[in-house]
Amino acid sequence: MWTSQADASETAPWGPAEEPALVCAEAAFDQAFHYWRGASGRRYLHSVYSLVGCPALPQANYILVRRHEDGTREALAFGDTKDDAISLNLAHLRHAGAKIGANEVHIHLLADTAHDRALVEADLTAAHLRRHTAAKAA
């Protein structure tokens with residue numbers, strides 16, 4: 001997979017909360033990547049998989065997502081895989097996703113350490129809570 005730290009570290013505080021990452025013009029890669037924006041304004045590049053089609057994963061950040069029929073996406077849960085066994089990480093994601101109605105898994109692989117993954121999770125969760133609170137207040 002080709003990704004770069006530059007893609008994940010843009011720090012502009014404006015822009016959409018989430019957006020497709022267009023990295024290839026080929027139809028086979030349609031929406032295979034997606035950006036999610038943290039409370040810091042930083043964009044995080046994620047690989048997109050169906051809940052059933054997600055491969056076994058190393059330690060990484062994830063977002064469990066419900067993609068609606070109209071193509072809109074709703075983040076349902078944020079986290080990071082913690083196990084060294086990639087098959088256990090996958091089992092956890094599929095179980096957690098099925099329980100909350102997710103049909104996609106968005107994976108961020110650019111955070112190298114547990115500390116970095118915790119920071120990414122906190123940033124994305126804070127942005128989600130902020131947007132959710134603002135939407136309820138409106």
Side-chain angles (χ1 to χ4, degrees):
M1 180 181 324
W2 62 98
T3 56
S4 71
Q5 193 64 34
D7 289 335
S9 63
E10 182 180 304
T11 57
W14 56 87
E18 51 92 17
E19 62 187 297
L22 304 175
V23 297
C24 185
E26 293 182 39
F29 292 100
D30 184 37
Q31 299 199 359
F33 300 97
H34 202 81
Y35 285 111
W36 289 88
R37 190 176 302 275
S40 67
R42 177 179 246 170
R43 291 189 322 167
Y44 299 95
L45 183 64
H46 288 72
S47 300
V48 177
Y49 300 98
S50 71
L51 184 62
V52 175
C54 186
L57 297 168
Q59 293 178 350
N61 289 92
Y62 65 84
I63 305 173
L64 296 173
V65 174
R66 180 178 299 128
R67 184 165 184 184
H68 298 280
E69 288 185 23
D70 65 0
T72 60
R73 289 182 161 111
E74 175 186 2
L76 302 174
F78 299 82
D80 67 286
T81 57
K82 306 216 184 304
D83 210 289
D84 289 330
I86 61 175
S87 59
L88 288 178
N89 290 330
L90 177 58
H92 166 75
L93 283 177
R94 285 186 177 160
H95 182 254
K99 287 190 337 186
I100 62 173
N103 55 16
E104 286 186 348
V105 181
H106 293 212
I107 305 296
H108 177 71
L109 294 165
L110 299 177
D112 294 327
T113 66
H115 177 73
D116 290 344
R117 288 187 294 277
L119 292 175
V120 169
E121 181 180 351
D123 193 24
L124 290 170
T125 301
H128 178 72
L129 292 174
R130 182 184 300 164
R131 284 188 298 273
H132 218 66
T133 303
K136 284 184 178 181

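Note that this is a predicted model, so its numbers are computed, not measured. All residue numbers refer to positions in the sequence shown, counting from 1.
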Measuring from atom [atom1] of [X] to atom [atom2] of [Y], what distance do you get when rounded to the nearest 0.5 angstrom?
X      : Y      : atom1 : atom2 : result
Leu88  : Leu57  : CG    : CG    : 12.0 Å
Lys99  : Leu76  : NZ    : CG    : 13.0 Å
His128 : Arg131 : NE2   : CZ    : 7.5 Å
Asp116 : Asp80  : CG    : CG    : 11.0 Å

- Looking only at heavy atoms, what is the nearest atom pair of Gln59 and Thr81, with distance? CA-OG1, 3.1 Å
- Query: What are the two closest non-hydrogen atoms of Ala56 and Ser87, and how far apart are they?
  - Reply: CB-N, 4.3 Å
- Tell me yes or no: between the side chains of Asp123 and Tyr44, is some donor less than 3.5 Å from an acceptor? yes
- Item | Side chain to side chain, Trp36 and Val65, heavy atoms closer than 4.5 Å | yes
- With the side chain counted from C-beta on, respond yes when Arg73 and His34 share a heavy-atom pair under 4.5 Å apart, and no when they do not. yes
- Query: Parallel under 30°, tilted from 30 to 60°, perpendicular over 60°: which one fits the rings of His108 and His46?
  - Reply: tilted
- Message: Is it the case that over 12 heavy atoms from other parts of the model lie below 6.0 angstrom from the NE2 atom of His68?
- Response: yes
Going hydrophobic residue to hydrophobic residue with side-chain gaps under 4.5 angstrom, can you get from [X] over to [Y]?
X      : Y      : answer
Val105 : Leu109 : yes
Val52  : Leu93  : no
Leu90  : Ile63  : no
Leu64  : Tyr49  : yes

- Query: Counting only N and O atoms by type, is there a donor-acceptor contact under 3.5 Å from the side chain of His106 to the main-chain atoms of Tyr62?
  - Reply: no
- Task: For Arg117 and Lys82, indicate whether the former's side chain and the latter's backbone hold a donor-acceptor pair under 3.5 Å.
- Result: no
